[in-house]
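Accompanying notes for the structure given below.
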Amino acid sequence: QLKLVESGGGLVQPGGSLRLSCAASGSTLDNLVISWFRQAPGKEREPVSYISRRADSIEYADSVKGRFTISRDNRKNAATLQMRSLKPEDTGIYYCAACNQVVCTWRRLSTYAYWGPGIQVTVSS
C-alpha cells in the first residue's frame with residue numbers, strides 16, 4: 001500500500017521560501033499523478049499544483065503561479081514543491097496526493113486515492 005509523507009514545512013517570514021517534499025513508500029510513484037493541495041484555517045482544501053506521470057504536464061493555481069515550482073524524481077520516489085515569495089495567505093496545511101486513475105482531474109479531491117497526513121506552513125512576521 002502506497003504511503004505518502006510530507007516534510008519541509010515550518011514558519012517563514014513573508015517573502016521567504018520553503019521547500020516541501022513528498023516521500024513515497026510501499027509502492028512507486030512512477031505511474032501516478034502527483035498534486036499538492038492546501039487547507040487554510042476555516043477554509044476548504046484547495047488545489048495548488050499538479051505534475052503528470054512523466055512531468056510533461058504541470059499546472060498551478062493562479063494564486064501561486066510564478067512563485068511555486070513543482071517537480072518529481074521517480075528514481076527517488078518523491079516529489080517537491082518549491083515555494084518562493086511566500087505570502088501570509090499561503091499559510092495552511094499542505095498535502096501531497098497521488099492519483100492512480102487513467103484520467104486524473106487534478107483539481108478534484110475525489111480523484112486522489114492516496115494522501116499524505118499534511119504539514120503546516122505558516123507565513124508570518
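Counting from 1, the numbers follow the sequence of the chain as shown.
- A 4.5 Å side-chain heavy-atom check between Ile119 and Leu20 finds at least one atom pair inside the cut-off.
- Contact of the Val123 side chain with the Leu11 side chain is not registered, since no non-hydrogen atoms from C-beta on lie closer than 4.5 Å.
- Taking 4.5 Å as the limit, some side-chain heavy atom of Arg45 sits within range of a side-chain heavy atom of Leu109.
- Between Tyr94 and Leu81, the closest side-chain pair of non-hydrogen atoms falls below 4.5 Å.
- Residues Thr91 and Arg38 fail the side-chain proximity criterion, which asks for heavy atoms closer than 4.5 Å.
- Considering every non-hydrogen atom in both Ala98 and Leu2, the closest pair reads CB-CD2, 4.1 Å.
- In this structure, Ala78 and Ala23 approach most closely via the heavy-atom pair CB-CA, 4.4 Å.
- More than 12 heavy-atom neighbours from other residues, nucleotides or ligands sit within 6.0 angstrom of CD on Glu89.
- Listed by first and then second residue, the side-chain hydrogen bond (donor to acceptor under 3.5 Å, both in side chains) pairs that reach into residues 3-20 are Arg19-Gln82, sequence neighbours excluded.
- Hydrophobic clustering (ILVMFWY, side-chain heavy atoms < 4.5 Å, transitive): Val48 and Leu86 are in one cluster.
- The side chain to side chain donor-acceptor pair (under 3.5 Å) test applied to Arg107 returns no partner, not counting sequence neighbours.
- Evaluation of the disulfide (SG to SG under 2.5 Å) test over residues 28-77, restricted to residues two or more places apart or in two chains, returns none.
- The stretch residues 32-87 participates, sequence neighbours left out, in no disulfide (SG to SG under 2.5 Å) pair at all.
- Not counting sequence neighbours, Glu59 has no partner by the side chain to side chain donor-acceptor pair (under 3.5 Å) test.
- Pairs of residues two or more places apart, or lying in two chains, that qualify as disulfide (SG to SG under 2.5 Å) and include a residue from residues 61-100 are Cys22-Cys96, Cys99-Cys104.
- Nearest heavy-atom pair across Ala61 and Trp106 is N-CH2, 4.0 Å.
- Thr69 pairs by the side chain to side chain donor-acceptor pair (under 3.5 Å) definition with nothing, not counting sequence neighbours.
- For the atom pair CG (Asn100) and OH (Tyr114), the distance works out to 5.0 Å, reported to the nearest 0.5 Å.
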Stepwise side chain to side chain contact (heavy atoms under 4.5 Å, CB included) test for Val12 and Thr122: CA-CA 6 Å; Val12 64; Thr122 302; over 6 Å; no
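- Each disulfide (SG to SG under 2.5 Å) pair with one or both residues in residues 30-63, not counting sequence neighbours, would appear here, but there are none.
- The list of ring pair (Phe, Tyr, Trp, His ring centres under 6.0 Å) pairs with a residue in residues 17-40, not counting sequence neighbours, reads Phe37-Tyr112, Phe37-Trp115.
- Judged as a side chain to side chain donor-acceptor pair (under 3.5 Å), and not counting sequence neighbours, the contacts of Asn74 are Arg72.
- Side-chain contact between Tyr50 and Val33: present, with at least one pair of heavy atoms (C-beta onward) separated by less than 4.5 Å.
- Among pairs with a residue in residues 59-80, none fulfils ring pair (Phe, Tyr, Trp, His ring centres under 6.0 Å), at least two apart in sequence or across chains.
- Taking the side chain as every heavy atom from C-beta outward, Arg67 and Asp90 approach each other to under 4.5 Å.
- With contacts defined as side-chain heavy-atom distances shorter than 4.5 Å, the pair Ile34/Leu29 qualifies.
- Taking a cutoff of 4.0 Å between a charged side-chain nitrogen and a carboxylate oxygen, Asp73 and Arg75 qualify as a salt bridge.
- One hydrophobic cluster, built from ILVMFWY side chains closer than 4.5 Å, holds both Ile70 and Leu4.
- Residue pairs meeting the side-chain hydrogen bond (donor to acceptor under 3.5 Å, both in side chains) criterion with at least one partner in residues 21-31, sequence neighbours excluded, do not occur; the list is empty.
- Panel note: side chain Gln101, backbone Thr111; a donor-acceptor pair is recorded below 3.5 Å.
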